[in-house]
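Down below is the structure, laid out as structure tokens.
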Amino acid sequence: MTQSVVVQVGQCGNQVGCRFWDLALREHAAVNKKGIYDEALSSFFRNVDTRSAGDGPGIYKGKICSLKARALLIDMEEGVVNEILQGPLRDVFDSKQLITDVSGSGNNWAVGHKVYGCQYQENIVEKLRKTAEHCDCLQCFFVIHSMGGGTGSGLGTFVLNLLEDEFPEVYRFVTAVYPSGEDDVITSPYNSVLAMKELNEHADCVLPIENESLFDIVNKIHQMMNSGKLGSTVKPNSLVTSSAGITKAVQEKPFDAMNNIVANLLLNLTSSARFEGSLNMDLNEISMNLVPFPRLHYLVSSLTPLYTLADVNVPSRRLDQMFSDAFSRDHQLIQADPKHSLYLACALLVRGNVQVSDLRRNIERLKPSLHFVSWNQEGWKTGLCSVPPVGHSHSLLALANNTCVKPTFMELRDRFMRLYKKKAHLHHYLQVDGMEQSCFSEAVLSLSDLIEEYNELDATKGGPRADPSRLKIAV
Amino acid sequence: MSLVTVQLGQCGNQIGREVFNAICSDVHGTHGLCSKKENESYHDACKERFFIEAESGVPVARAVLVDMEPKVISQTLSIAAKSGYWKYDDHSHFCQKQGSGNNWANGYTVHGPRHKEAIMNLVQKEAEKCDRLGGFFTIMSMAGGTGSGLGAFVTQCLRDAFPSSFILNHVIWPYGTGESSDALLVHENDVIHKICAQLMHMKQISFKDVNQVIAHQLGSVFQPTYTAEDGIHYSRNPLGDLMETLVPHPEFKMLGLRNIPQMPENSLAYSTFSWPGLIKHLRQMLIANAKMEEGIDWQVQPPRPGSSVPSSHSTNKLLHFNTSIANLVILRGKDTHSADLGSFRDPSLYTSWLNPQDAFSAWKTPRAFNKYEKSASLVSNSQFLLKPLDNVVRKAWNMFASKAYVHQYTKYGIEEEDFLDSFTALEQVISSYTIL
């Protein structure tokens, strides 16, 4: 069994991360009735004997003593991390897993990346090493941060660089939250584009998320709940947005529902690696199958179902509906419509009581309405995990490598250019040691190249003009 | 003689488990519809071939389980042990912590060399436990990283370590041929799935169902039979006999498997079959390249001698009529001695290389298999697999021409040259089978 480490950077990263740990504990608690520290738990948690002084060596088998998350929490302001440490999850984190400062990055990528990066580099590396040492077989780093701010985007991408240098063989999955059009941070386009260059070059896989999409999904659920259209009652803890975790939050905070969606995404992504199934899909397989060209590693994700009705019976129809929904525009976690763009590859991670015949039937049904690149007409990667998420009998996570990310990136570039042409706010960045104008021009070039690659694919539908002629054998 | 099974990757291990299950349940559960003495002979031959008698009385499968990640192996070991009828040796497995990531190069260039010694040690141990080693039976999928990549590497190691033993690779499509193995027995998931849906009337088909069908088909071939006409003893060298009858030339070693009848278990009691009927169907399945006993195209007939040469020489058109190099039919059950297999000896079914009497062999046993009163299997070295192979190569070539995914392989040391070599080899095989 392999282990993964979560690195959460900045306010957004830490808030999402917090929701992830809460839900992960709930999920394992539902499955692990005997309180034994098993392999599934060890993928994300250490089992520590806190009675012994100091660090406490890890306990590898037997009863659960005290679970510690395999995580690194980094923020240049104290507020968010402090709140976590005072909240119900305080025992899940080791004080040695935190790196905080006081004044924050002022929404400035350069401060996050160059100033704090430099300042905390050694500290970060040391803590990463420690966490890695506690792992038997470290497979993957999950980095969570926003793109629009200063710490998440700047320091977050700095850490990404470090991960590549220090642990080149370990996969780097980044969950990046992109700013929406009406973002309240004016310099978010600068921060995002500067961070994009780093993601292009140093991440193995990126799961872009847009706040706007999360918001729409949350609203949709509220509408459904309040409209009374649903015949039966909705199981409350089945909501993809619910916080019914170990923390019984009486009053949910504004971003909690949205963050829960992202947390569920990560849980589903790693489910096959943690639990058993008839067709396992490990994280390295996701990267292998979904990334045909090294730079095109942006995966559009969608989660279904959003809630489960209290009916116990699940007729095929509902199962099929789950598959259809995964491809609809409203279930995507970024503002994109994969159905009308070109697929390079697609992965379906199914959890719960679903058989291979259901999977095949649905793929056959949906295939005609989807456009796949010519050389990957059957570019479907599937995984079946037998353990469903809490409150559901089955669920589906779809990951698409699809050219529908292009508009998101093009808009980002446009917003960047609007500011950059007027040199607005540039001085805040340039006055940071190590920042030059060329950083900006290189970053936007990197983004443009990426957009160009997607354009190329769209234009040629991914294939050469005619079927390439096969090798001829002399008879 | 005993067979050592090497199960590779998730697919290989899941199928391997079903195969041993099928063999065990055939031996224990069913009556066999023959004399007690016959039954005992069968029982003993089967035991020797696949199991070792342990002190506890529970037979231990002669198998080595290999996977690069631990979940499937631990599941396989525990499910087997729970059955109470048989189990695996607790030490006969090898696994690592992290899989091969669906990457052939990872399985072949990284995991292979790294773990060669450990794996071969386990194989050696199993081989030594055999009084007489009949050969190796490896099971793997071709689509994953461990099965295909590590599988190819292990096959080569087996060949190096046991140069005179027979090696039969059982592969689940989609790609690959092997240089080191003596023969490749291929199963396509799509085909098995159809069998489950149409013949077995399964509504919700799981991998377990698919694997059970595969296991039934494999069992029908490898359970003991008499190979000589005056069978007194059960054949002692199944793999060797198989190779001898079916693989006259190393360039032609792709074998397809058909088994009839296949039906849901609860229909068995109500069905009766006759040998002429079964044989007729099986022959037409061969000629028309049908995958199962429904939907056979009865129009297709072998060319009559003296008629114009069919379009078999155009390399792009794939034929309707399935030419065979050699065939083996295995009959199990009541009254096999009365079954007339003359229609399979028709020379027009075969290429002209072998004498018609050498091109066809039959193995029989009066002992019924797995509750089927009569069952017939066909192992065929023919153009069965030409179309699927051609499809797979076409898709792979398209991908390669667009340079898709190539970087994932080059980072493990596989160069474009290596890809080209593989393509060339496969095109050679396709060409050879096309012009039969």
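- When Ile430(B), Asn103(B), Val406(B) are compared by the number of non-hydrogen pairs under 4.5 Å with chain A, Asn103(B) comes out ahead.
- For chain A, the nearby part of Tyr409(B) is the side chain; its heavy atoms alone come within less than 4.5 Å.
- Ranked by non-hydrogen atom pairs under 4.5 Å with chain B, the options Cys137(A), Ala345(A), Pro294(A) are led by Pro294(A).
- The backbone N or O of Phe293(A) sits nowhere less than 3.5 Å from a side-chain atom of Gln408(B) that would complete a donor-acceptor pair.
- Atoms NZ and CD, from Lys411(B) and Glu169(A) in turn, are 9.5 Å apart once rounded to the nearest 0.5 Å.
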- Task: Would you check, one step at a time, whether the test side chain to side chain contact (heavy atoms under 4.5 Å, CB included) holds for Asn376(A) with Tyr405(B)?
- Result: CA-CA 11 Å; Asn376(A) 212 3; Tyr405(B) 295 104; 3.2 Å; yes

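- Only the side chain of Leu384(A) comes within contact range of chain B, judged by heavy atoms closer than 4.5 Å.
- In terms of modelled atom types and a separation under 3.5 Å, the side chain of Lys403(B) and the main chain of Pro292(A) share no donor-acceptor contact.
- Residue Trp375(A) comes nearest to Ser402(B) through the heavy atom pair CD1-OG, 2.6 Å, listed as atom of the first residue, atom of the second, then distance.
- Here NZ of Lys395(B) is found 13.0 Å from OG of Ser374(A). Values are rounded to the nearest 0.5 Å.
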